[in-house]
Structure formats: C-alpha cells, structure tokens
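Below, chain A is the first sequence line, B the second, and so on; all start at residue 1. These numbers were taken from a predicted model, which means no experiment stands behind them.
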Amino acid sequence: MLDLILNLDYQPLWITLQVATYTTILLIILGTPLALWLAKITGAKKAVLEAVVALPLVLPPTVLGFYLLVTMGPDGPVGQLWASMGFSPLTFSMTGLVIGSFLYSLPFAIQPLMHGFELMGKRPIEASASLGASKWDQFFSITLPLTRRHYLVGATLAFAHTVGEFGVILMLGGNIPGVTQVVSIAIYDHVEALEYSQAHILSAIMLVMSLLVLSIVYGVNRRLEVKVG
Amino acid sequence: MLDLILNLDYQPLWITLQVATYTTILLIILGTPLALWLAKITGAKKAVLEAVVALPLVLPPTVLGFYLLVTMGPDGPVGQLWASMGFSPLTFSMTGLVIGSFLYSLPFAIQPLMHGFELMGKRPIEASASLGASKWDQFFSITLPLTRRHYLVGATLAFAHTVGEFGVILMLGGNIPGVTQVVSIAIYDHVEALEYSQAHILSAIMLVMSLLVLSIVYGVNRRLEVKVG
Amino acid sequence: SNAATQQKPIHLAVSANFLATLKQISQKFTKQTGIPVYLSNGATGMLYAQIKRGAPYDLFFAADARRPELLEQAGLIEPNSRFTYVKGKLVVWSRTGYFSTDLAKLVVTSPQLRYFAIANPKSAPYGRAAKQVLEHYGLYRTLLKSHQLALGENVGKTFHYVATGNAQIGLLAKSYLMTHSVKGHFKDVDESLYSPIIQQAVVLKGKKSSEVQQFLDFFRSEAVQVQLQKAGYDLPQKGVK
Amino acid sequence: MSLTGHLSLTRGGFQLDTGLFEIPETGLTAIFGHSGCGKTSFLRALAGFENEAKGEVVFQGKLWLKDGKSLPVYQRKLGYVFQESSLFAHLDVENNLRYGLKRATKPHHIHFEQVVEWLNLAHLLVRDVQTLSGGEKQRVAIGRALLGQPNILMMDEPMASLDSLSKQQIFPYLERLRDEIKIPILYITHSSDEVVRLADTVIFMAEGKIASIESIEQALNQPHSPLYQNQDPRSVLSAVLDSHVLEDGLSCLKVGSAKLSISYLDKAVGETLRVVISANQVSLMKEKPVLTSMLNHLPVTIEDISDFNEFSVLVRLRLKDEPWPLLAQITKRSVKQLALEEASEWIAAIKSVSILN
Amino acid sequence: MSLTGHLSLTRGGFQLDTGLFEIPETGLTAIFGHSGCGKTSFLRALAGFENEAKGEVVFQGKLWLKDGKSLPVYQRKLGYVFQESSLFAHLDVENNLRYGLKRATKPHHIHFEQVVEWLNLAHLLVRDVQTLSGGEKQRVAIGRALLGQPNILMMDEPMASLDSLSKQQIFPYLERLRDEIKIPILYITHSSDEVVRLADTVIFMAEGKIASIESIEQALNQPHSPLYQNQDPRSVLSAVLDSHVLEDGLSCLKVGSAKLSISYLDKAVGETLRVVISANQVSLMKEKPVLTSMLNHLPVTIEDISDFNEFSVLVRLRLKDEPWPLLAQITKRSVKQLALEEASEWIAAIKSVSILN
Ligand SMILES: Nc1ncnc2c1ncn2[C@@H]1O[C@H](COP(=O)(O)OP(=O)(O)OP(=O)(O)O)[C@@H](O)[C@H]1O
Ligand SMILES: Nc1ncnc2c1ncn2[C@@H]1O[C@H](COP(=O)(O)OP(=O)(O)OP(=O)(O)O)[C@@H](O)[C@H]1O
Ligand SMILES: [Mg+2]
Ligand SMILES: [Mg+2]
C-alpha cells in the first residue's frame, strides 16, 4: 500500500490545480463585467441571456467537448482565427483546457455574482459616489467587499466543478500525461485499467485535500462575514 | 435529414426530463431543511459541513458513479440495507439515477438556498411571528416567496446539471434502453458511433428546448421579482 | 538510467479494453529501452475525433478496424502502418454461479436474473459482437423488451457492472477475465457466432520515429505475443492486416 | 399588574439589565431614553425576539419567559412595529395589511376599512411596498400590526419618519385604541411631545437599565425630568371638567378649587383630565389686570423658590386643594423687583394650557 | 444664485415636476412637505442619483445636468445623508467615517477629530456598523457625509431617529457649518421645530411640485403657513441686540422702537436677530399690570382682526417701526369683553420668545 502511494504519479494533481486555478481566475475576471451587465439590463433580453449562460450545462460534457474540439481544432473557425494570430493550437494544450473549463463552469460563477450584484442594490454605490469614489474605486472599495460571499460561492463552485470536470477536458485535452492529464482523468484511467487501489488512493487524496481547502476557505469567509440587510 | 429527425429515438429525452424533474424536486424538498440548518449553525462545524456538501463536485462523475455503483449494488452496504427493507435494487433503476444525481447536484441547490436564507435575515420571520404565523406558515408565506429567486437559481442549476449529467448516470444507470438511457448518453453514443448528424440533431433539440424553458423561467421570475434590501 | 533521459518519449492512444495490457507491455519496454511511454486512454470514437484534429499521438491502438481504416482513407497515418494487433474474444461470465454459461439454457424470466450486461453495440465493437451472439440465441429482443439489458459504454464498464454484482451475467472481453481474479465462472463463446473483433493499430502521419519503430518491434516480439495470448486475446494470423 | 418580570441580555459590550419591572395593564407606556440606551433591545427581548435574553416575563397571567423556556412569539398575540419598517417585500400594501388579519382569531375588533381610513392608506393599497416613501412605509407597518388584533401593541419609534400632519391624524386613533379597545401599548419614542401627548406611564431608561417607571404626572412634575433636557419644566395638574360655555367655544375646568378656561373640549362634564402647563407660560402678578385677553388668573401661594439656572428660578406654587404644584419659571430680576418670597400670595396668569388624554 | 434649474421625474404613478427653482448660495434650506409629496425624489434627482430625471441643474456655475448629460455624482463634491442610513456594512465605524475623507481633495476643512467629538462617536469607532442602534447609525452617516469635505450638503431627514439631546448637540455644529464653512445645506425635514431652528430658506413641496420657496420670515409670517398645520401661527420679527444686562442674565432687544428683554444671548451688541413669538403666547391688556413677573409689555396697534377658528380670532398687531406684524390668537369672548377693534391701541404682554439663528 505504502509502495503504491509512493509510486503514484502525482503530476496530474499539479496540472489539475493549475487548470482549476487559471479557470477560476479567468471566470472571476471576465465573469465580473458580464455579471455586472446582466444584473443591470432588464426585460426579455435579460431572460434570454441568463438562459444562454446556463446552456453549457445541459449538454453532456463529452459532447460539449466534442463541439469545442471541432470549433477550436485546426480546421474549426476558432482554431483558424487563433492560428492566424500566430498562436500555437488551442486543442490538446493547457490553454484549450482552461477555455473549455471556462465555458463549462461559466454559469456557476456568473449566477452567484449576478445575484450578489442585484441584492446589493444601488444604495451603497450611490453613497460611495457621493463620497467622491470613481467607478473603479466604487467597485474595489464597495462592490467587491460587499459581494465577497457571492464571489466565494461562485469561485468555489467553479473551482470544484473544474477539478471534477472530466468530459470536456478529456475530449479537448486528449489525456496527454504531463500536459493535459488532470487528476480526474487519471482516476478514471485507473478505474478503467481496473487498478482500483490506485484509484482509491487518488480519490482519497482529492477528497481530503478538497475538504481541507474548502473548510479553510469557508471558515475564513465566516470570520470576515458581512450580513447585508 | 427530415428522415433522420423522424426516426430518432426520443425516449431518452423523456427519461432525462423525468430524472431531472424528480431530482430537482427532491433537491428542493430535502435541500430546504438542510440549507436552513446550515444557514443557522455557526463556527467550524458550519465550514466543514459546507465543504462536505461541495465535495461530490471534485470527483470525476464516472468515478463518483463507480463508487455509488459499488455502494448501492447488491453487495454494497447501502444496497443490502435497501434490499433488507424489501425494496427492489437501486442500481440500474430510475430511483438509483435520481439518488445519484441528487448527490452530484446537491451543492448547486444547497449553496444558493443557504445563501438566500442568510441574506433574508431574521427580520421578516420576526415580523410574521408577531403577526401570528406558526413555523410552517412562516416558511410558506414569507421565507419561500422572499427567497424565490434563490430557489430558482438552485433549481435551474440543479436541473440543467442533471440534464447534462453523464458520468454518474452512465455508471449507475446501466444505460438500459427505455429505463435509464438518458439523452446525454444517447448523444454520446451517436458521437462514438460517428453518427454525427444524429448527435447534432439531439444536441440541437436539447439546446433549443433548454433555451426556451430557461428563458421562460427567468422571464417569469423577473416579472415577479422581489428586490430585497 | 542515463540513456533514458535522452530518449524521446512516445505517445500511445489506446482504447479502454486494451489499456491494462498495453500498460504492462509499455512498462517492460521502458525498462528495456529507457524510452518513456505515455498512454492516453479513451473511447475509440473519441480518440478518432481527436486524431482527426491533430492530437499529438504517435500510435493509435483502436478497439476496431473501422476507425483505423477511416484514418487511412483520410491520409492521416503513415502508409502501410495499419495492422491488426489482436483479435478480441468474447466470453460469457456468470458471476453468481446460478446461471449456466450456456446461453441456450438461459431463462430470461428467472427472478434471479435482473440484468444481462453487454457493451453498447452502437459504440463498442465487443458490444456489436455480443449483440450478434444474443441474437443467435434469440435473447436480444427479449432482454431489450423486458429492460434487462444493461449497456456498458465500453467493455470496461460492462465488466464493472458484472463485477459489482449489479448484473448477474454478461458477455465481455476475455482479456478482462484473464488478467483479474474474479468470482463465478466464464466460458469462451463460439467464435463462429460473431464477426471477428479485429483490433487494429496505426502509426500516425509523421510519427514514424526510431523510438516508435523500436516499440513496434518490441510489440511484435515473441515474448509480447505470448503475453497477449495469456491476456485473453487471439493473435492475428500472419499475413492478415 | 399586566406585564411584569425582569430581563437581561448581553450584546457585545452592551449589557441590558432591567431589574424588576411592572407595566400597567392599560394605557400607553412610553419607553424613553437616549440613543443607544437599550430601548430597542429591551422591547425586542420583551417581545421574545432575542433568544439569548434571560429572565422572566409574565403577561396577563401567562408565562412568556421563565427558566429559559420561551412561549413562541406567534402564540403571544402581540403587535410589533419595528424601528426600521419591515414590510414584506413580496406582498403589496393590501396583503401586508391583511397578513396578520388573516391569522387572527375572531372576532376582530379592529377592522380593515377602519385602519385604512385612519392611516390614509386607501390610495396605496395596490402599491408595491418597495415604491413607498419613508412615511408611507411606516404607516403601513403600523396598520399591519394593528390588524393582527394584538392583545398588546409594541412600537419602536413608529412616528419618527412621519410629518406632523400624519402624526396629528394618527394620534387620535392610537388614543382611541388605548381607551376603547383597552390593549396596553408600549411605545418607544425620543420625542417628549409624543410622551406628553400619549403616555400614561413612562419608563425611563439609561445605560441598559430601567431608571424608573413613573406615571405621566410624576414624570412631568419633576423639575429636572429627563423628558425636558434643556427644555422648560412643566407641571401637570389634575382637573375636573366643570362646564361648557358653548357660545364662546370654551370649557371650564376646576383645578383644585380654582377655575381654568380652555378651548372647547369634547368631553362629558365631570370627567377628570390632566392639564399640562409649561413653567415659562406662567407669570406672576399682584392683581388681575382689569382688561386683558388672558383667560386664566389663578390665586396661588408660593411654596418654594429654587435656582433653575444662573439667571432664573423655579417657583413652586400651590393652588388650593390641588395635590400637584404649579411651576413658574421667573427671572431673578423679577424675583427682586416683585420681592417674591415663600408663603406670599399671588395671581398666576396662564395664557395657554394643553390637555393630556 | 447658487443652485438653480428645473427637474422632472416619473416614478410609477408619481410625477415630480419642480418648475424653475433657485436655491440660495449660503445658509440652510429646508425642504418641507407631507409624507409622499416627493421630497426624497427631488433631492435624489438633484444629487444625480436618478438617471431618468430630466431638466437642468447648475451649481455654482458648474453644469450638473443639461440636455440629458449628467456630471457623475463622484465629481460633484456633495455630501448626502440618506433617509435610511446607508452605512457600508463591510467597514467599521471609523472606516465608514474615513471613506470620504480619504477621497477628498486637500486641504480639509472638516477634521476627523472634530466630527467625532461633535457627533459623540469616540466610543463607537471600532464597532461593526451592524451592531449600532438606530440613532447611532444616523450619527455616523452624518459624520461620514461631513468628512467628505462637500461643497454642498444634502440631508434627508437626518435627525428623525435622534433623541432631543442628540439633536441639541448636533444643531450647533450644523449651524457652525452653515455659518463658518459657508456651504449650502439642503435639509429635508417634517419637523417645523427643526425648520424654525435651522432654516434660512424653506422649500414647500406638495404633490410633486415646489409650491414656493420662501425666506424663513416669509414662511413663518403666513397666518396659515404649512409649517404649522393645526398648530399655532407664529410671528417672526427682526430685532437688533441693544444691550446686555449681565447681572440679571438678560439681553435687551430693539424690535421696531419697542424693547424686548430675553434671557442672556451670547452675541455682540448691534447684531440683527430674528425673534419668533407664538400667537397664543401674546395677550392683550389695556395697561401694564403694576407688579408682574412678565418681562415684556409692548405697545401695539390693532391692524386687523380675522377669524381663526370657530371660537377665536387672529389679531394682527403693529409695533412701531417694525416691518413684520405681531400676531395674537384671542378668543372671541375676549374680543367681545375687551371690545377689540381695528386701530385701537393696546399693550401686548409676551411671556416667552425664541430666537432664530
Ligand atoms: N454586538 C454589539 N456589540 C456592542 N454593542 C452593541 C451590540 N449590539 C448592540 N449594541 C449596543 O447596544 C446599545 C443598545 O442598542 P439599542 O438598539 O437597544 O438602543 P436604542 O436605545 O434603541 O437606541 P436608538 O434610540 O438609537 O434606537 C447601543 O449602544 C448599541 O450600540
Ligand atoms: N414606482 C412607483 N410607483 C408609484 N408611486 C411611486 C413609485 N415610487 C415612488 N412613488 C411615490 O412617489 C411619491 C414620492 O416619494 P418620495 O419618497 O419622494 O416622498 P417623500 O416626500 O420623501 O416622503 P416621506 O416624507 O414619507 O419620506 C410617494 O407618494 C411614493 O409613493
Ligand atoms: Mg432603537
Ligand atoms: Mg422621503
């Protein structure tokens, strides 16, 4: 057993961490203006856009991955555009994985953020504007701290979802050890190869680590908690 | 093309709808007391429990499905307990699918609900208690309508996630045509069998239907919208 | 060893049913030559779709002959590199011992029989073969109608279904039962009852390096061939592509 | 004694510790004290909203709180108006109003139409509560609490955001509630005008403690009553309605054995009233001027002269047969000029008086 | 003219339409009107919080709003105190206070320590704003707005939840702000006391419109001023501080050519003041009583007698050389008894007066 634990390939863990971190950061950065905008608009447009954001969820991840593979591959429209800008191919690369995970986890980040912005309402922003804070200042000194819990919910759901993500990554990333083989795929491979012990160990490591990280994140968040209203 | 559309097997669509509906209803019903309790407790216990709820996310669905298959199978502890109570087996059945999806989508339902309850605060409940409403009455006449948007977010994320769900269902459901073969698996099979047209058609149907349903749900919700605070 | 660090690694894309066996083979190969081998496991259809879009694999061990053929037609492989590496064999596995491995005696209505597991005939070659066998015994329609047919997405999942006791009996790849100690008993299925499960491999276009050639040579070596047979595969007859 | 007990509660650095209190069964009891002295905390603990509150509360013989066991709020039949209006955001005005009404046991004493009229809510009924102005919200909150048919009404600064016209319109109905339906009302306010106008009893709070519970007469007759920080002292006298002089629009009161004319008051002859007279409204003169528009000239005896501030004194005057003294604030110059001294007799001229309840 | 323009805004069934307004550059301007008349809507539109507001606003020569183009609020240098306290929930009291201070251009005219002292906030600085009482929150909100070093201060019922002591403590500093730092203050209130105490100008609003903008003297000298719905009319007279009688603690004012004694006032001789006298504090008599504690007896001429209500009249009296009239509320019985008629001369006895600014 100890032998198994020592001889396991831990690189997938590291790659998973990278993909999930990049994806989450990207979701937070790009998701913020999107969620701010969705929180502001009204009417039919809003309902449809909200639905569009939630759409990636309803396709099986492998199928979503397949369509992304087609679109982002060398012959696909996105892939060609990307290549014409002189970048190396998206598919089977970390960049591709991050983009795929981004799309797939988008609703988990956007929904809580949007909701947070709506709940906060205009009042705190009005108050900070009257106190001389510019738009950026308003966002960083008021909106961000007041919606911190929503950011946390969004970020943890998105992070956890990316860590467990499998179908999109397998399809788009190609299960290439050392490059795109994330831990979810590694566990899957062990199960496929009927190497149950290894699968159990990796799963246990994942669960314990996640439990630890999530507990700490939630615990710290509680401590800093702000109850609105 | 039309030929293809007419000859497609639409039963998986129907099964998907059933599984997703049951799962969502179960999540809402059982998730409510859980979220209410999580919203009330404090301290380290809360942080750890929140983390536990989010855990199913970090395992690849197929692997989660595998563990569930073992546990809920005729030789597994849950399966034996279940059988000893005189029920027919959980695995390869609609019931099993719903339980698996329930666990896998739990965080998507719990997190928004918990958050909604915390944001609502105690004041509306205090007001309704002073007006003579009993605990149940308070919940149905105040808490539920005031957190309706959180229920909606939770329900749509959970529903959409169950519809697209694949790994857990594939493993646990046994892909039994007419019983547990859901649309996500059907699409996947088409892709695997290089029947791309069929896959496209099913995917398109899924997307359009989901877009419609989600738009309507979000639109109706907007109309009834309650801004708190 | 020192040499190992200078060797270029090779990437193998492998269909799930052959993963465990290929893993063992490539570990031996690496030990002998110092050339690292990376395995990418996946469903054949998925790997095919990826290869069509430039996946960086060197060799592709498919679960059937169709996808390698399609790749050849598309000009995506090294000329003449397509070869049959094994022929799959189907076995009936009755885990509980309640059911005979003789399918002719199977009573579908028996209350002990909840599920019969096969791989999905639509996507998995072993599934297609299993379907032919069931049809031969007139069981396929019956099982399908009574919702007793559990379809594994691949043979691996089909194996899990039976191994965990969720299905009582199944038709699956012999290789799974040869390499793992399992409960119950199993029996080869008469090969005339199903069209041969030809599993082919190809070298992908531009990937014919000396390391790849070394691997191919190693794969064709006597020792490996014996190992394949032990693992429950039939060897391709000489001369058959 | 209707509402009795003692309560303690800790919130951060703040400590509420009421000591034993007894709040009368009827009438309006004002809770008065500085910002942050614990009025809201006290009332919330009393109502049962603070789970950490310790102590004992008995209301009309029913145990509300004892030994850590608390009767659920919804069984207490109380009406509560919160300091910040807490309307249900998902209901329109009408449904907010009807929320408690639907849940009240019959028969109803307070009717929907009545309340809508009292609080002038008819034009707001279909409105979304989010769109109401500050004062409108508060009126709806008051109405909602009333319609719950409470056995006791608790209000936390309910009038703070109302303009004086709205207040004037609501006061009479609160008075009616207090007098006709006879439910006790607990009323937090920082307005001494509201206390004078409405209260029968005053609970003075300071730094988390109940400093004293006094009848309004006691409260007002203290020379340095907390009700009048930096303001004039006032006196409260009991009076009996003696007669009406309808043609002049006057009513005549007997205060002790003296007579006091006031604007016509719609009460029966023989009723007992309380008259508030601000100390700086009272002047002393040796004899009544021959021709004056001032109605009231009462013969008084000086009982006591005490310093009020650097330049003026507070003179305690005694009316014949009246238990409470009449206070006059007089400059020291006048004291010198008039040679005021104890036991001497004077005429107290009073221009305006106000009537309690 | 400091703040001029016109604004219109539609919110549901409510329509704000101010017409042209001109608000003076200095002093405190009260916005007064019934609950729901549009005070908050007007002030918010003025500040720039309502994006749908149409019209034009110019402040100190700077265009705030014109042709749909609106200067961003954060560039307007205004301080705003909201009707419901809107403290930042994620900051403690000190950081709420410092929020605007950090962002203000130097030099600062209003200092942190000053404000903390004025508003008595020292013991609250480290507190979480969620734990403050209603009044405490409001004090922090006022302090935060002041520390933003605004060029104009807008306050929406800032004192509504403050007790009278807190108010008494804050008034002088608002006055100081108004007089020393000389920034204009716009102040919504429904308390006529606050208007009388603080305002130089009053904007009367009714049903979404500005009914009139009046100086405080004009506003108070209307017999039926909206400031005193159902209350006594008052008169405001201009007076010059004539002399101090230190040993008696009195100051002597000249009102027209008559003299008026009041409690000692800490102002320089020669300064102009405004004196408010409630009409029911004024009695008429034929001659001054020989011995009386009443300080003030002014010779007046009756200019006009008009019905006030069923049983009393309002008598307009003229003091010699004073532009504004003195009002007295007298019962009809006294009018008969004294045979009051126009142009006859009387002595007006006045017990108490109050001083504006
Ligand atoms: N968590 C806490 N930590 C420290 N002090 C607290 C906490 N919660 C409340 N307080 C303090 O308790 C005191 C009483 O609050 P309460 O709301 O009862 O006052 P109040 O008398 O109603 O005041 P107001 O008239 O301003 O509404 C206040 O000084 C408040 O700051
Ligand atoms: N969406 C809306 N639909 C209809 N009426 C509205 C809407 N929003 C606001 N109003 C009305 O506009 C009027 C003006 O509101 P505003 O808040 O300006 O009043 P206010 O003068 O500040 O009152 P208060 O003294 O009670 O705070 C109110 O009568 C309010 O009910
Ligand atoms: Mg309070
Ligand atoms: Mg307002």
Side-chain angles (χ1 to χ4, degrees), chain B residues 8-9 11-12 15 60-63 65-80 82-83 88-94 96-97 100 166-182 184-196 198-199 202, chain C residues 15-16 41-50 52 62-64 66-67 69-71 74 95-96 111-112 114-125 127-128 131 140-141 143-154 156-168 170 183:
Chain B
L8 265 178
D9 179 9
Q11 205 169 22
I15 295 174
T62 328
V63 174
F66 174 70
Y67 286 123
L68 290 177
L69 184 72
V70 173
T71 329
M72 287 166 36
D75 301 341
V78 176
Q80 289 188 337
W82 188 257
S88 57
L90 283 173
T91 46
F92 299 167
S93 71
M94 178 75 86
L97 284 196
F166 174 71
V168 176
I169 286 186
L170 187 67
M171 221 32 171
L172 202 57
N175 192 8
I176 295 164
V179 180
T180 60
Q181 189 178 63
V182 295
S184 57
I185 298 180
I187 299 179
Y188 175 80
D189 285 348
H190 285 305
V191 172
E192 275 292 289
L194 309 189
E195 298 167 356
Y196 293 136
Q198 284 93 326
L202 269 186
Chain C
S15 144
N41 156 54
T44 300
M46 183 191 84
L47 293 170
Y48 165 77
Q50 289 176 337
K52 282 195 78 172
D64 63 3
R66 181 156 156 252
R67 263 60 74 100
E69 276 163 16
L70 284 172
L71 286 176
R95 182 175 171 276
T96 56
Q112 270 75 19
R114 298 199 57 83
Y115 295 104
F116 196 112
I118 65 171
N120 193 338
K122 211 164 198 167
S123 48
R128 198 166 333 115
K131 183 180 170 191
Y140 186 73
R141 305 238 91 224
L143 286 169
L144 198 62
K145 267 215 190 107
S146 59
H147 301 306
Q148 283 177 288
L149 204 56
L151 304 179
E153 173 213 334
N154 56 30
K157 295 209 170 59
T158 317
F159 174 79
H160 294 316
Y161 288 166
V162 185
T164 54
N166 286 291
Q168 288 68 39
K183 281 191 188 168

Among C:Thr44, C:Thr164, C:Leu151, who wins on heavy-atom pairs under 4.5 Å with chain B? C:Leu151
Look only at the side chain of C:Gln168 and the backbone of C:Tyr115, and say whether a donor-acceptor pair between them is shorter than 3.5 Å. yes
Any residue meeting ring pair (Phe, Tyr, Trp, His ring centres under 6.0 Å) with B:Phe66, in chain and number order, not counting sequence neighbours: A:Tyr196, C:His160
At a 4.5 Å cut-off on heavy atoms, which part of C:Asn166 comes close to chain B: side chain, backbone, both, or neither? both
Taking salt bridge (charged side-chain N to carboxylate O under 4.0 Å, His left out) as the definition, give me every residue that meets it alongside C:Arg95, ordered by chain and number, with sequence neighbours left out. B:Asp75
Tell me, for C:Lys157 versus chain B, whether the close heavy atoms (under 4.5 Å) come from the side chain, the backbone, both or neither. side chain
Quick check: do C:Lys131 and C:Tyr140 have side-chain heavy atoms less than 4.5 Å from each other? yes
